Amino acid sequence: MNCEKAKFIVRMRSPRQTPYPGGMLDLQRLRNDLDAVVARLAERGYAFDREGYQRLESARRQVIQESEALKAERNRVSDEVAQLKRAKQDASHLIEAQRKVGEQMKALEAAEKEAEAAFQSFLAAVPNAPHASVPNGRDEHANVEIKRWGTIPAIEQPKDHVDLGTSLGILDLDRASKLSGARFSVLKGAGAKLERALINFMLERQSAAGYAEVITPYLVNAESMYGTGQLPKFEQDLFHVPHGDSKLYLIPTAEVPVTNLYRDEILEGAALPLRHCAFTPCFRSEAGSYGRDTRGIIRQHQFHKVELVTFTTPEAAEAELERLTGDAEAILEALELPYRRVLLCTGDMGFSSQKTYDLEVWLPSQATYREISSCSWFGDFQARRANLKFRAEAKGKPQFLHTLNGSGLAVGRTWVAILENYQQADGSVVVPKVLRPYLGGLEVIR
RNA sequence: GGAAGGUUGGCCGAGUGGUUGAUGGCGCCAGUCUUGAAAACUGGAGACGCGCAAGCGUUCGGGGGUUCGAAUCCCUCACCUUCCGCCA
């Protein structure tokens, strides 16, 4: 495989804690163009509290100005004290006056901190504003189909992946629930090998397409979850484990560790676009989806995914979304699975996204297309939260870069799609040609 | 889990209470010289926030404290290194 194209940043910097860096939305844009932003957010179903915003914003600014004026005064007097002392003169009158300033300053600093925190937590809950090219709509019914690819297989009375997998002896849901409960699965024999083949196939394809492979932690801290937008709003969707006095979160997608790789860093413009792919397990509590997809392994607490993540310049980002989506589609096409590409409407997008394409694969048992990849352009939304910057020129000002990511693909759902689309009348499953080298030449699972 | 030592600007590395954003070196940018480059010499440059601006503030791992004043003193947390124990 030719992986030379895959770029990698090797520079390391000393780690730094930035619990709640900078703004989420562009404060400048909010200030100058509040109406437009509020209107766009309303289209994705978010009622922006304009009054609350203005109150918090001006309170913050006012207290900052007061506090800094006082600090400037204190600094001036301190310098005077220093000069007097050096000249061996008496400074006690100044020192006495400074004592009182110190008390005032403590009060102001506390107020400043409070105002800043209130403002930040308000902003942290505001989702990204949809891009101009995103259709307006309430829910998935307003999504726009962009294209269809492939031929839907003609299957008489198709079985679903549960029946197929169970009777082939490659899927064992009963024992999985004994081990862990609902929404877990056990793959066996050719089923386990098929999963592994898909992982290897996807990774090799994507690294050949220019995505530098990374293996990351599956447990991350709160700062990372904040950086990509899972926190503070969606804590209930995450699994977590205690760790010392704090806790670590199980990643719901490789997007989290990979996007946060360069958190609090300023990248050289020449390093962009920077493309990564990563295989990880993904853990989701699926709180609030109790009725949905209860049969089979469509919706699991734990599943595998190969993820594509890109860091790029604002100018190149829109084209990058098309490229990235195409790289995900290439996997479906190589596997010869029929799919369609859908442009999500304002109301159906994720919290951090400003534009998202979903790829949906055909599932014969449901006679419908089901999501198998979600490719998103986040603008500078995540970059602001994670403090991801780049320098266009050697001496240029650091500016926020753009992040994108997409599944390339969700492995479990690909497994399902293969079983269902490649099923034969006798219950066996033909192995897609491109996967056979990864399965020791196996042509049919029977 | 136990013990000791560390964490300073893009990097290395000085600095134990008073003009320290912080000596010095490397790297970087511009200029001089050169046909060009290198070398040499000269000059320049951190990041973030507030402000129309002048400018001001913050920043020496994070947080807290002492002090008129903290990179420098105290507490605490995180991380790194080494040794011991345990372990894939």
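Lettering of chains follows the sequences in order, A, B, ..., and the numbering in each one begins at 1. Everything numeric here is computed off the predicted structure, so don't read it as measured data.
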Rounding to an integer number of Å, can you tell me how far [X] [atom1] sits from [N] [atom2]?
{"X": "K113(A)", "N": "G62(B)", "atom1": "NZ", "atom2": "P", "answer": "13 Å"}
{"X": "E112(A)", "N": "U58(B)", "atom1": "CD", "atom2": "C1'", "answer": "9 Å"}
{"X": "R391(A)", "N": "G10(B)", "atom1": "CZ", "atom2": "P", "answer": "8 Å"}
{"X": "E80(A)", "N": "G69(B)", "atom1": "CD", "atom2": "P", "answer": "15 Å"}
{"X": "I64(A)", "N": "C48(B)", "atom1": "CD1", "atom2": "P", "answer": "16 Å"}
{"X": "K106(A)", "N": "G64(B)", "atom1": "NZ", "atom2": "C1'", "answer": "11 Å"}
{"X": "E73(A)", "N": "G57(B)", "atom1": "CD", "atom2": "P", "answer": "11 Å"}
{"X": "E116(A)", "N": "C48(B)", "atom1": "CD", "atom2": "P", "answer": "15 Å"}

Residue matched to U67(B) through Watson-Crick or wobble contacts both under 3.5 angstrom: none

When you measure from the side chain of [X], which nucleotide among [options] comes out closest?
{"X": "R61(A)", "options": "G18(B), G51(B), G64(B)", "value": "G51(B)"}
{"X": "A82(A)", "options": "G18(B), C68(B), C48(B)", "value": "G18(B)"}
{"X": "E68(A)", "options": "C50(B), A47(B), G18(B)", "value": "C50(B)"}
{"X": "K389(A)", "options": "A47(B), C50(B), C68(B)", "value": "A47(B)"}

Check E286(A) with R183(A), please: is the shortest side-chain N to carboxylate O separation under 4.0 Å? no

N75(A) side-chain N/O to G57(B) phosphate OP1/OP2 under 4.0 Å: yes

Establish, with yes or no, whether the OP1 or OP2 oxygen of U58(B) is under 4.0 angstrom from a side-chain nitrogen or oxygen of R74(A). yes

Under 4.0 Å, heavy atoms only, any strand: does [X] hit a base, just the sugar-phosphate, or nothing?
{"X": "K71(A)", "result": "sugar-phosphate"}
{"X": "R60(A)", "result": "sugar-phosphate"}
{"X": "Q98(A)", "result": "sugar-phosphate"}

The single option from K193(A), R196(A), E204(A) that satisfies side-chain hydrogen bond (donor to acceptor under 3.5 Å, both in side chains) with Y438(A) is E204(A)

Glycosidic conformation of U59(B), syn or anti, with 90° from 0 as the boundary? syn

Got a donor-acceptor pair under 3.5 Å from the side chain of Q65(A) to the base of G51(B)? no

